[in-house]
Amino acid sequence: MNAKKIMIVDDEKDIISVIQFRLEMAGYEVHFTDKPLKAEALALKIKPNIILLDYRMPEITGAELCMRIKKKKALQNIPIIFITASTNISQFEMLIKAGACDWIMKPFLWADLLSKIHKYIS
Amino acid sequence: MLEAPIPDNEPSRIASLKGLKILDTPAEERFDRITRLAQNLFEVPIVLVSLVDENRQWFKSRQGLDATETPRNISFCGHTITGKDILLIEDTLLDPRFSDNPLVLQDPKIRFYAGAPLSAPDGECVGTLCLIDRKAHKLSTKEMTLLRDLRDLVQNELAMVDLATAIRELNRTKVFFEVSQDLFCIASFDGFFKYVSPSWTEATGYSTQELLSKPFIDFVHPDDCKSTKEELSKLSEQKDYKLFNFENRYRTKTGLYRYLLWTASVFWDEGIVYAAARDITSRKLLEQTIYKKERELRDFFENSNVPLHWVDKHGIILWANKAELALLGYDEKEYIGQSISAFHADPPVIKDILQRLSRSETLSNYEARLRAKDGSTKTVSINSSVYAENGHFIHTRCFSIDITLKKQNALIEERFKAIVEGSDDSIISKDINGIITSWNHSAEGTFGYKACEIIGKPISILTPKDRSQEEPEILEQIMRGERIEHFETVRISKDHRLIDVSATFSPMKDDSGTIFGASVILRDITSKKEDEQKIIRLAQSKSEFLSVVSHELRTPLTVIKEAVSIIHDSSAGPLNHNQKKFSDLAMKNIDRLMCIINDLLDLQGFEAKAIKFNMGEVNIKKLLEELVGNMLINRKAHKKEAEAFFIDAADDLPIVYTDHSRVMQVLYNLLGNAIKFSPPGSAIKLRALCINNSVYVEIIDKGYGIRADDLPKLFQSFSQIGPPSERKTGGSGLGLVISKKIIRQLGGQIGVRSEFGKGSTFFFTLPLMERGLIK
């Protein structure tokens with residue numbers, strides 16, 4: 001059985017490291033990039049089952065990236081979960097409008113993240 | 001020579017002669033005719049009508065003699081007048097009385113003299129008719145008789161002189177009667193006028209005939225009849241009675257009456273009354289008018305509302321009007337007759353007043369203080385002068401105007417003015433046409449106009465063009481008697497600076513309640529506005545700061561937490577005892593740090609009102625079950641001893657429209673506290689029920705409880721209670737504060753009941769509101 005593919009986009013490599021470790025331990029195939037502008041290309045290449053997207057990044061915001069991905073026919077059905085440090089509820093509403101299916105606030109409980117991923121992949 | 005002797009009746013004789021008023025008058029034909037006749041009849045050269053006064057004999061008529069008079073002492077006639085009949089001297093040379101008389105020895109060389117004495121009508125002998133010749137003569141009896149007859153003719157002429165005079169006098173008197181304005185009359189005791197002067201007709205309008213035809217009492221005013229009759233009877237009964245200055249009223253033809261002032265005398269022989277009346281109507285009317293005026297004036301002063309008194313030269317009050325008595329509260333008996341000094345509060349002042357008045361000075365607006373009966377002091381402005389007659393001090397006339405209130409008002413006004421002038425606010429007044437009537441010091445500073453240049457100008461001068469509509473609207477509200485408070489607007493200064501102001505407009509009313517203008521207080525809030533802008537900018541910076549902090553702090557914390565967590569749960573390989581112990585410690589403190597950061601961010605969010613609620617339908621029973629489930633998982637995850645949680649909620653508990661996650665946050669907080677402040681493994685009850693229009697939720701523990709003193713501190717920031725040893729519970733100390741803010745904003749209440757040592761019950765309510773009411 002092929003493992004589910006998860007793509008992480010975050011400019012902080014440290015975050016990627018800990019999430020990658022956890023997800024791989026949980027049996028997922030993890031791909032990532034810390035260069036948001038390369039995220040689209042990577043997604044087209046690996047066709048992930050789910051994308052975890054940081055909100056606040058240099059070069060392009062998570063929301064803009066989300067909208068770009070959702071515009072690509074090949075990618076538009078991939079669920080996107082935002083990982084954000086914000087507590088601003090209006091921002092969350094904006095993310096949903098941009099096409100995200102959910103969000104999780106930093107710092108998060110590992111169990112919460114796993115349960116959200118599980119919810120959208122299955 | 002024997003000089004002519006002086007008769008015994010000389011004075012009356014002289015009086016009688018003078019009464020004839022004939023001495024020194026021109027010659028008259030009626031006398032000359034007789035002397036001429038005698039000259040011819042007796043054939044003598046000289047015939048004289050001689051009148052003898054004190055010193056001479058004067059000839060009224062003379063024939064044959066040039067001299068008009070000769071001295072009395074040498075006169076022959078001086079002798080004649082002492083006798084009753086003719087003095088006849090036939091030959092002077094033979095008569096020793098006259099032989100050496102100069103008139104015998106010299107011209108006219110009298111040898112013969114025959115003089116018949118002349119009597120005036122009253123019988124006094126005043127002179128002679130005498131015949132004189134230069135040769136001796138005899139006179140027969142017949143001739144003597146003829147001389148007497150001629151003498152009688154002369155006497156008749158003398159009498160004629162008296163009658164003519166009398167007629168002349170009478171005519172003259174009659175003229176007086178006719179021209180006099182006084183009313184002359186003659187009346188008889190039968191009660192009728194016999195004669196009335198023409199002035200009667202003029203005064204009464206009745207003709208003489210009408211006046212004479214009726215008893216005179218009929219013309220007298222009915223009220224004066226009695227006194228008139230009394231006077232008449234006195235006149236008729238008392239012989240020496242003279243009526244003097246008796247007054248009565250006579251009716252005129254028009255029916256009006258005229259006042260007459262009478263004097264009268266009675267002619268007893270004839271039984272008639274001579275009376276003169278003076279028409280004093282004008283005088284009486286004048287007197288009445290004066291009397292009326294005086295009464296009016298007196299009444300005016302008596303009832304004037306200006307206090308007035310008179311004092312004599314010793315300072316004793318002679319009279320005071322009602323207003324003066326009312327001013328001081330005394331009655332007449334207590335005031336009049338007293339010394340004015342007793343009522344003055346300042347002895348030197350009244351002393352000065354009296355001294356000035358005694359020097360006849362006039363006092364104008366002299367200020368003094370009077371003592372009223374009730375002990376109060378009245379400040380008065382005195383205007384006083386002295387009334388004098390022929391230079392003698394009679395009394396003072398003193399007006400005392402009560403200025404007590406005016407003084408008090410002036411004082412209040414002064415204080416008020418000081419407040420207005422000292423105020424930092426611009427205080428302006430305007431009339432109902434919007435014209436500025438006052439302008440304080442602060443207004444000068446704020447707007448740059450001096451009071452003298454802006455008073456009288458329209459207040460719209462301060463209004464920027466784009467707000468020109470404001471002033472009429474404000475005026476309209478003022479005229480309705482409304483006050484406008486803290487109206488924030490913009491005004492313009494003389495140098496065209498725009499000034500933010502908070503304006504308060506109040507209508508100004510007079511005693512009758514009529515609005516005559518408005519007071520305008522303008523507070524310069526330019527700096528306040530700037531402060532507000534600063535605060536807004538600060539809040540924005542704070543918000544930006546929080547946003548940055550939340551990201552910059554949370555991201556590394558997430559990494560730390562996950563990294564430590566991977567080690568701690570042995571995902572990265574098994575741990576020895578110490579590794580396990582210290583990674584445990586790290587995890588616990590990472591949780592604590594997270595909790596503090598989250599609480600701080602929340603609190604800041606609430607204070608900045610930046611927190612938005614995600615409202616939705618919430619089933620409280622399910623929420624409690626979810627809470628307990630999560631808590632159990634959490635406790636298990638932390639390998640803590642699980643508490644016994646009991647949920648007590650009805651299945652049909654109403655659905656609440658609220659924020660699920662925020663209510664959950666509150667419940668986490670309250671349940672977390674219950675766990676923290678209870679011994680491990682104790683029972684905690686969660687209860688929810690519907691009370692009135694709210695869902696009531698409570699969390700009941702049987703833990704340590706809270707001291708009564710500490711209860712008020714519970715919902716305050718950073719106020720963890722209890723001794724430090726008991727505070728090993730972790731947390732920011734903000735949990736309850738945040739919970740309170742959440743519940744309040746969701747429209748509910750939060751509170752606690754507790755008994756120290758026995759446990760606590762935290763509760764909150766959530767209103768059962770319709771969708772959409774909470775924003």
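Reminder, nothing fancy here: chain letters follow the sequence lines and each chain counts from 1. Quantities reported herein were computed from a predicted structural model and do not represent experimental measurements.
- Separation of atoms CH2 (W110(A)) and CG (D569(B)) is listed at 10.0 Å; rounding is to 0.5 Å.
- Interface residues of residues 26-37 of chain A toward chain B, defined by a heavy-atom distance below 4.5 Å: none.
- Atom CD1 of I15(A) sits about 5.5 Å away from atom OG1 of T555(B), to the nearest 0.5 Å.
- Within the model, atoms CG of N614(B) and CD of E93(A) stand 6.5 Å from one another, a figure rounded to the nearest 0.5 Å.
- Chosen from I83(A), D10(A), D14(A), the residue pairing most often with chain B at heavy-atom distances under 4.5 Å is D14(A).
- Residues of residues 60-69 of chain A having a heavy atom under 4.5 Å from any heavy atom of chain B: none.
- Of all heavy-atom pairs between S571(B) and M25(A), the closest is O-CE, 3.3 Å.
- Looking only at side-chain heavy atoms (C-beta outward), E562(B) and F21(A) stay at 4.5 Å or farther from each other.
- Within the 4.5 Å cutoff, the side chain of K106(A) has no heavy atoms near those of the L557(B) side chain.
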